[in-house]
Participant: 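One structure, pasted below without further comment.
No experiment lies behind these values; they were computed from the predicted model shown. We use all heavy atoms of the structure for the numbers below, so side chains are in, but hydrogens, waters and symmetry mates are not. Naming: A, B, ... by sequence-line order, numbering from 1 per chain.
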2 protein chains.
Amino acid sequence: MILELNFNSDEALYIQLRNQIILGIATNRFHEGDVLPSVRQLADAVGINMHTVNKAYTVLKQEGFVKVDRRKGAVIAIDANRLEAIEEMRVELKVLLAKASCRNISREEVHALIDEIYEEYGGLSQ
Amino acid sequence: MILELNFNSDEALYIQLRNQIILGIATNRFHEGDVLPSVRQLADAVGINMHTVNKAYTVLKQEGFVKVDRRKGAVIAIDANRLEAIEEMRVELKVLLAKASCRNISREEVHALIDEIYEEYGGLSQ
DNA sequence: ACTGTGTTATATCATGTGTATAACAAGTGG
DNA sequence: CCACTTGTTATACACATGATATAACACAGT
């Protein structure tokens with residue numbers, strides 16, 4: 001597990017955990033069926049409270065990235081609701097691209113940035 | 001001024017204001033040199049506190065979208081620091097695209113979404 | 001029985017958000 | 001000069017959120 005937390009960030013710890021796990025899935029370091037550490041283990045490993053990890057797992061469950069098996073713990077299980085995901089992405093992109101447009105960043109430059117980042121993400125088929 | 005606030009949103013009011021003003025610049029409804037309403041006027045118009053508007057203007061000033069003229073008030077003035085803006089965008093895109101990748105949204109679909117949104121943003125030359 | 005899961009319930013503390021009232025320095029227009 | 005509006009600052013309060021701490025519960029595995 002390579003999870004690093006920035007305690008000086010303005011981003012909540014449980015959001016950082018959530019993001020890194022999603023990053024981990026996208027970069028193929030976590031696979032469907034993999035079991036995440038228990039809330040107590042992970043909390044101990046990164047030096048934070050159990051409840052903070054639990055909140056991260058709860059969010060991941062609600063967002064459809066893990067399912068919780070009472071016996072095993074949190075298991076990677078992706079619920080690919082594409083339509084919902086695309087609409088959510090559109091909302092986030094609107095503000096992000098507005099900032100880019102104000103800064104004279106071209107459509108082509110954004111495309112190049114997308115490609116660069118997407119290179120590391122293999123899609124679920126990998 | 002077409003500024004609408006969602007009081008039920010989990011997004012802070014001053015962030016909503018900031019975003020809508022940035023959207024307004026990108027969609028060419030605000031132009032370089034335009035004067036924004038005074039903090040008291042805008043606060044009264046949308047039904048919130050003066051300090052909340054002030055905070056939005058302060059953030060916009062720090063992010064380089066407006067300059068404050070003691071005589072006029074808040075004036076649209078874009079400080080196009082491209083390098084900084086691109087790095088900021090890369091960080092935001094990483095998580096956003098990771099989610100997309102997990103949901104089996106292809107690189108091409110993201111490009112299409114970018115194009116769709118960018119159609120409304122004219123770039124600063126318009 | 002014992003341990004390790006997730007889960008739930010309180011409680012506490014710090015921080016962020018939004019409001020409220022007030023005051024200040026400075027520019028504008030009568 | 002005077003009244004008014006500008007941004008700015010300070011203080012205070014209520015409320016929600018983030019993070020911690022301690023504790024307990026139901027359930028599964030050994």
Side-chain angles (χ1 to χ4, degrees), chain A residues 1 3-22 30 33-79 95, chain B residues 1 3-22 30 33-79 95:
Chain A
M1 282 293 272
L3 290 180
E4 288 180 8
L5 292 180
N6 178 7
F7 291 92
N8 297 322
S9 171
D10 56 337
E11 214 168 29
L13 296 178
Y14 78 97
I15 295 290
Q16 291 187 44
L17 278 182
R18 182 201 70 149
N19 287 346
Q20 296 207 16
I21 289 167
I22 293 176
F30 298 141
D34 281 0
V35 180
L36 294 172
S38 80
V39 290
R40 291 173 175 85
Q41 275 182 357
L42 183 51
D44 208 50
V46 297
I48 61 175
N49 192 272
M50 179 194 67
H51 296 295
T52 306
V53 178
N54 198 347
K55 189 160 188 177
Y57 282 8
T58 301
V59 170
L60 285 167
K61 183 170 62 176
Q62 288 171 340
E63 294 179 334
F65 290 103
V66 306
K67 282 183 180 172
V68 176
D69 187 321
R70 184 110 224 175
R71 295 162 293 183
K72 302 178 188 172
V75 182
I76 306 289
I78 296 163
D79 171 29
V95 177
Chain B
M1 282 292 271
L3 291 180
E4 288 180 10
L5 292 181
N6 178 7
F7 291 91
N8 297 322
S9 171
D10 55 336
E11 213 169 29
L13 296 178
Y14 78 96
I15 295 290
Q16 291 187 44
L17 279 181
R18 182 202 68 150
N19 286 348
Q20 296 207 17
I21 288 168
I22 293 176
F30 298 142
D34 281 359
V35 180
L36 294 172
S38 80
V39 289
R40 291 172 175 86
Q41 276 182 355
L42 183 50
D44 207 50
V46 297
I48 60 175
N49 193 271
M50 178 193 68
H51 296 295
T52 307
V53 178
N54 199 337
K55 189 160 188 178
Y57 283 7
T58 302
V59 170
L60 285 167
K61 182 169 62 176
Q62 288 171 340
E63 295 179 334
F65 289 103
V66 305
K67 282 183 179 174
V68 176
D69 187 321
R70 183 109 224 177
R71 295 161 292 182
K72 301 177 188 172
V75 181
I76 306 288
I78 296 163
D79 172 28
V95 177

Participant: Counting only heavy atoms from other residues, nucleotides and ligands, does the tally under 6.0 Å from CD of B:E4 exceed 12?
Facilitator: no
Participant: Tell me: CG of B:N8 to P of C:dG18, nearest whole Å?
Facilitator: 13 Å
Participant: Mind calculating the distance between CD1 (A:I15) and P (D:dT17) to the nearest angstrom?
Facilitator: 13 Å
Participant: For the atom pair CD (B:Q20) and CD (B:Q16), what is the distance rounded to the nearest 0.5 Å?
Facilitator: 7.0 Å
Participant: Take the C1' atoms of the five end pairs on each side of the helix from C:dA1-D:dT30 to C:dG30-D:dC1, derive the two axes, and give their angle rounded to 10 degrees.
Facilitator: 20°
Participant: Measuring from B:I22:CD1 to B:I76:CD1, what's the distance to the nearest 0.5 Å?
Facilitator: 10.0 Å
Participant: For C:dT17 and B:T52 - does any side-chain N or O of the residue sit under 4.0 Å from the phosphate oxygens OP1/OP2?
Facilitator: no
Participant: In whole Å, I'd like the distance from the CD atom of A:Q16 to the C1' atom of D:dT17.
Facilitator: 16 Å
Participant: What is the minimum heavy-atom distance between B:Y14 and B:T52, and which atoms define it?
Facilitator: CB-O, 3.6 Å
Participant: Tell me the interatomic distance from B:L42, atom CG, to D:dG7, atom C1', rounded to whole angstroms.
Facilitator: 14 Å
Participant: Would you kindly give the CG-to-P distance between B:N49 and C:dA22, to the nearest whole Å?
Facilitator: 13 Å
Participant: Of all heavy-atom pairs between B:E11 and B:I15, which one has the smallest distance, and what is that distance?
Facilitator: CG-CG2, 3.9 Å
Participant: Between atom CG of B:N54 and atom CZ of B:R40, what is the distance when rounded to the nearest 0.5 Å?
Facilitator: 9.0 Å
Participant: Starting from C1' on C:dT17, measure out to CZ on B:F7 and report it in whole angstrom.
Facilitator: 13 Å
Participant: Once each nucleotide of nucleotides 4-16 of chain C is scored for protein heavy atoms under 4.0 Å, what B/S/- sequence comes out, 5' to 3'?
Facilitator: -BBBBB-------
Participant: Just how far is it from atom CD of B:E63 to atom CD1 of B:I78, taken to the nearest 0.5 Å?
Facilitator: 12.5 Å
Participant: Rounded at 0.5 Å granularity, tell me how far CG in A:L42 sits from CD1 in A:I21.
Facilitator: 6.5 Å
